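Below is one structure, written out as structure tokens; the observations come after it.
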There are 2 protein chains.
Amino acid sequence: MRIGEVAAGAGVSVRALRYYEEQGLLTAERSPGGQRRYAPGTVERVRFIQNLYAAGLGSKAVLRILPCMEHGVLTDEMHERLVAERARVQAQLDELTATRDKLDAVIRAGQAHRDRREGGAGAGDPRGCASAFAERP
Amino acid sequence: MRIGEVAAGAGVSVRALRYYEEQGLLTAERSPGGQRRYAPGTVERVRFIQNLYAAGLGSKAVLRILPCMEHGVLTDEMHERLVAERARVQAQLDELTATRDKLDAVIRAGQAHRDRREGGAGAGDPRGCASAFAERP
DNA sequence: CTAGGACCTGACGTCGACGTCAGGGTCAAG
DNA sequence: CTTGACCCTGACGTCGACGTCAGGTCCTAG
């Protein structure tokens, strides 16, 4: 595949693919004229790289856990790294879940406030949704 | 509270707090000499700001959904923004979950590969964990 | 063989969330 | 009043993941 096809297939820019190669995340054969020719499966690989980036891993971290796709074998070191990164991702997941729940609380509290106001009465303590942030897990 | 106390309490740098003020995310009274004096509750607010940043929202997005903590009332616009940002967070959660599951699959496949190798035999197709990436949901 | 779209290698630009340094003022205790 | 910890305002530096521009090359359809 040519670089443009991979880029379109994976939904990234051509520049990004060259950058990945620069970082050692991607390799490519070259045509006689020097143009990159990618193996099939590269699109999947690029998508996974994107996933890892989206999970907050820097290119060095990606570089450390990615080689398993080429060798197909997990050394003890690779295994530990994978487990460690999985833990990081899980931690991110927990934080994100908490944040989502807070947003939900704010939304619900705001709804309640608006419902009561629709009912009619007082504006004594204008703190409606603010109390949603007072929790301490 | 003084800025150092807030910073320590929320686990951020003094510089970050000044930056938040610069972005309109935080306000503070001033002492006669010009030093910032923060209201109690600021620590919670800062923690929430950190949560939002960690959720991938930029300071402008934070600025748009944060005013509810001051006014305590959700306008229709605020409500829509909150719901929209909640959706973004949820989408991030979904992607992160998928990535975690992929990592799990890689780890399990690698384990299986190592277990078999411990058993003894062949090295025909050295793709061990690589097949874990072949899925298409 | 030729046009024009795709590709190449540098190399500088960007943007956000701060870090950091310089030079000086403030505050509370003794 | 002095001292030492804390705080102030600029203002430039950083880092990662690309964007973008310049100037030239490759490839393939006609």
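Being a predicted model, the structure only gives us computed values, none of them experimental. To find a chain, count down the sequence lines: A is the first, B the second, and so on, and within it residues start at 1.
- The residue B:Arg2 sits close only to the backbone: its heavy atoms come under 4.0 Å of sugar-phosphate atoms, none of a base.
- Taking 4.5 Å as the limit, some side-chain heavy atom of B:Arg2 sits within range of a side-chain heavy atom of B:Gln35.
- Under a cut-off of 6.0 angstrom, the local environment of CD in A:Glu22 is crowded, with over 12 non-hydrogen atoms contributed by other residues, nucleotides or ligands.
- More than 12 non-hydrogen atoms from other residues, nucleotides or ligands lie less than 6.0 angstrom from CZ of A:Arg81.
- If you check every strand for non-hydrogen atoms under 4.0 Å, B:Arg30 touches sugar and phosphate atoms only.
- Side-chain nitrogen and oxygen atoms of B:Ser31 include none within less than 4.0 Å of the OP1 or OP2 phosphate oxygen of D:dC7.
- Counting to the nearest Å, the C1' atom of C:dC12 and the CD atom of A:Glu22 are 13 Å from each other.
- OP1 or OP2 of C:dC18 sits under 4.0 Å from a side-chain N or O of B:Tyr20.
- For the pair B:Gln35 CD and C:dA28 P, the computed distance is 8 Å after rounding to whole Å.
- Judged by distance alone with a 3.5 Å cut-off, a donor-acceptor contact links the side chain of B:Arg15 to the base of C:dT20.
- Atom CD1 in A:Ile3 sits about 16 Å away from atom P in D:dC26, given to the nearest Å.
- Distance CD1 (A:Ile49) to C1' (D:dG16): 15 Å, rounded to an integer number of Å.
- Distance CD (A:Gln50) to P (D:dA17): 11 Å, rounded to an integer number of Å.
- Checking the phosphate oxygens (OP1, OP2) of D:dA17, a side-chain nitrogen or oxygen of A:Tyr19 falls inside 4.0 Å.
- For the pair B:Arg36 and D:dC7, the criterion of a side-chain N or O lying under 4.0 Å from OP1 or OP2 is not met.
- Residues B:Ser59 and B:Pro32 both approach DNA chain C. Their nearest nucleotides, taken by heavy-atom distance, put B:Ser59 toward the 5′ side.
- Contact check for A:Glu21 versus A:Tyr38: side-chain heavy atoms found under the 4.5 Å cut-off.
- The side chain of B:Ser13 lies closest to C:dC18, out of C:dA6, C:dC18, D:dC18.
- Rounded to whole angstrom, the span from the CG atom of B:Leu57 across to the C1' atom of C:dC15 amounts to 17 Å.
- Judged by distance alone, the side chain of B:Arg45 and the main-chain N or O of B:Leu25 form a donor-acceptor pair under 3.5 Å.
- Between B:Tyr53 and the phosphate of C:dG16, there is no side-chain N or O to OP1/OP2 separation shorter than 4.0 Å.
- Counting to the nearest Å, the C1' atom of D:dC6 and the CG atom of B:Leu17 are 14 Å from each other.
- Computed from coordinates, the B:Tyr38 OH to D:dC6 P distance equals 16 Å when rounded to whole Å.
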